[in-house]
A.B. asks: 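The structure follows.
Keep in mind that what you see is a predicted model, and the values were worked out from it rather than measured. Numbers here are sequence positions counted from 1.
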Amino acid sequence: MPELNRTHASLFRRERAFARNWLLQAAIILYLVIWGLLAARPYDQFDWWLENLLVVAAAAGFVSTYRLFSFSNMSYLMIIGFVILHTIGAHYAYNTTPVDKWINGIFHNERNHYDRIVHCAFGLLIAYPVHEFMLRVVRIRKSWTYVLVPCIILAMGAFYELIEMWVALILAPEKGALFLGSQGDQWDAHHDMELALYGAVFAMAFAAVLGRLRGERSVSHDNGL
């Protein structure tokens with residue numbers, strides 16, 4: 001039980017010194033290994049680099065601001081988990097991943113759905129880091145974050161769709177269809193944002209329920225129950 005409590009504390013701890021944060025170091029090393037493996041012979045080399053531009057920009061942002069603001073380890077693990085899913089998709093240009101082959105083999109779909117999974121994971125995994133940022137930096141009431149975070153995720157999803165369009169038009173208009181991954185679906189961007197919103201709503205609903213249970217346990221402990 002003490003070991004379990006220490007592990008739980010390390011997940012939600014905010015380490016100022018990166019040198020002491022062994023959990024974050026291990027997660028980063030794991031991601032770099034996965035990135036290195038998936039960088040070899042991607043489906044489309046140019047698309048691979050386009051897909052990784054935002055990853056590099058985000059990593060630079062996290063590194064440069066770490067001394068000013070650091071997330072909890074739980075938030076960092078969620079962010080890295082999402083980036084791993086994106087990196088897998090980038091290796092296959094979100095074209096036909098092993099997950100797509102498995103899903104299509106069972107349900108006989110005409111469309112590859114891994115990109116939809118990643119968009120849903122964006123809302124599911126990034127909502128908590130946004131929630132944490134809103135509480136610690138913006139300092140709004142916790143109850144408001146449960147409403148605002150899904151709205152922020154929806155806005156971030158819409159902005160990402162715009163970035164995809166701009167990059168495709170400016171850098172590679174001839175590969176726009178491949179990079180956008182719309183697969184002929186006229187509602188592709190809408191469904192992507194929709195799934196991110198659903199993921200964020202689920203994440204915040206779970207956080208609200210968990211927070212309420214923790215509050216009840218705290219009250220029970222204080223009352224000696």
Side-chain angles (χ1 to χ4, degrees), residues 1-2 4-18 20-21 23-24 27 54-55 57-59 61-86 115-163 187 189-225:
M1 186 64 69
L4 180 62
N5 289 336
R6 282 197 294 270
T7 301
H8 180 270
S10 68
L11 285 174
F12 292 94
R13 182 186 302 140
R14 297 188 296 270
E15 289 279 8
R16 275 299 189 186
F18 177 76
R20 295 197 303 267
N21 197 341
L23 188 60
L24 180 56
L54 282 179
V55 175
F62 285 127
V63 171
S64 61
T65 60
Y66 186 83
R67 291 181 179 274
L68 299 175
F69 176 83
S70 59
F71 288 99
S72 66
N73 282 336
M74 178 61 74
S75 285
Y76 280 125
L77 290 178
M78 287 182 168
I79 293 169
I80 291 173
F82 167 73
V83 175
I84 288 174
L85 292 176
H86 172 71
D115 64 322
R116 295 276 167 82
I117 294 173
V118 174
H119 278 280
C120 185
F122 175 76
L124 191 63
L125 297 176
I126 304 301
Y128 182 80
V130 174
H131 169 74
E132 184 178 334
F133 184 85
M134 296 293 287
L135 286 176
R136 292 175 48 209
V137 178
V138 184
R139 297 185 182 279
I140 65 174
R141 292 180 59 180
K142 181 180 287 188
S143 57
W144 275 105
T145 63
Y146 300 137
V147 177
L148 291 178
V149 168
C151 296
I152 293 171
I153 291 295
L154 181 60
M156 293 171 68
F159 186 58
Y160 178 76
E161 297 295 333
L162 291 176
I163 291 176
W187 305 110
H190 305 76
H191 287 309
D192 289 345
M193 292 184 290
E194 174 191 28
L195 288 169
L197 176 63
Y198 293 161
V201 169
F202 179 84
M204 287 298 95
F206 182 79
V209 171
L210 188 62
R212 186 176 182 83
L213 291 175
R214 283 180 176 175
E216 291 176 354
R217 288 178 182 175
S218 178
V219 171
S220 298
H221 177 76
D222 292 340
N223 292 334
L225 299 178

A.B. asks: With rounding to the nearest 0.5 angstrom, report the OH to CG distance, Tyr76 to Asn21.
C.D. replies: 8.5 Å
A.B. asks: Give the table of side-chain donor-acceptor pairs shorter than 3.5 Å for residues 193-207, with sequence neighbours excluded, one pair per line with atom names and distance.
C.D. replies:
residue, atom, partner, partner atom, Å
Glu194, OE1, His191, ND1, 3.0
Glu194, OE2, Tyr198, OH, 2.6

A.B. asks: I need the minimum non-hydrogen distance between Cys151 and Val147, along with the two atoms involved.
C.D. replies: SG-O, 3.5 Å
A.B. asks: For a 4.5 angstrom cut-off between non-hydrogen side-chain atoms, does Phe62 reach Ile79?
C.D. replies: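 Yes, side chains in contact.
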A.B. asks: Go through Val138 and Trp144 one step at a time and tell me if the side chain to side chain contact (heavy atoms under 4.5 Å, CB included) criterion holds.
C.D. replies: CA-CA 11 Å; Val138 184; Trp144 275 105; over 6 Å; no
A.B. asks: Find out whether Phe122 and Met156 are in side-chain contact, i.e. whether some heavy atom of one side chain is under 4.5 Å from a heavy atom of the other.
C.D. replies: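 Yes; the side chains approach each other to less than 4.5 Å.
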A.B. asks: How long is the span from the CG atom in Leu148 to the CE atom in Met134, to the nearest 0.5 Å?
C.D. replies: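 Going from CG on Leu148 over to CE on Met134, the span is 5.0 Å.
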A.B. asks: What's the shortest heavy-atom distance between Arg141 and Leu135, and which atoms?
C.D. replies: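 Scanning both residues, the minimum pair turns out to be C-CD2, 4.4 Å.
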A.B. asks: So, for Arg136 and Glu132, which heavy atoms are closest and what is the spacing to 0.1 Å?
C.D. replies: NH1-OE2, 2.8 Å
A.B. asks: Between Ser72 and Tyr128, which heavy-atom pair has the shortest distance, and what is it?
C.D. replies: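 Reported closest heavy-atom pair: OG-CE2, 4.1 Å.
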A.B. asks: Atom CD1 in Ile126, atom CD1 in Ile153: separation rounded to 0.5 Å?
C.D. replies: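 That separation rounds to 6.5 Å.
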A.B. asks: With a 4.5 Å heavy-atom cut-off, do Leu85 and Ile117 have their side chains touching?
C.D. replies: no
A.B. asks: Determine, step by step, whether Leu24 and Tyr66 satisfy the side chain to side chain contact (heavy atoms under 4.5 Å, CB included) criterion, reporting the C-alpha distance in whole Å, the side-chain angles of both residues, the deciding distance to 0.1 Å, and the verdict.
C.D. replies: CA-CA 12 Å; Leu24 180 56; Tyr66 186 83; 4.1 Å; yes
A.B. asks: Please work out which of the three classes, parallel, tilted or perpendicular, describes the rings of His131 and Tyr146, given edges at 30° and 60°.
C.D. replies: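 Rings of Tyr146 and His131: parallel, under 30°.
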A.B. asks: If you compare all heavy atoms of Ala127 against all heavy atoms of Val149, which two are closest, and at what distance to 0.1 Å?
C.D. replies: O-CG1, 3.5 Å
A.B. asks: Could you go through Ser75 and Phe133, starting from their C-alpha distance and side-chain angles, then the distance that decides it, and tell me whether this counts as side chain to side chain contact (heavy atoms under 4.5 Å, CB included)?
C.D. replies: CA-CA 10 Å; Ser75 285; Phe133 184 85; over 6 Å; no
A.B. asks: Would you call the rings of His86 and Phe82 parallel, tilted or perpendicular, taking 30° and 60° as the class edges?
C.D. replies: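 Rings of His86 and Phe82: parallel, under 30°.
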A.B. asks: Do Phe18 and Ser70 have side-chain heavy atoms sitting under 4.5 Å apart?
C.D. replies: no
A.B. asks: So which atom in Leu125 and which in Gly81 form the shortest heavy-atom distance, rounded to 0.1 Å?
C.D. replies: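 Looking at all heavy atoms of both residues, the shortest contact is CD1-C, 4.1 Å.
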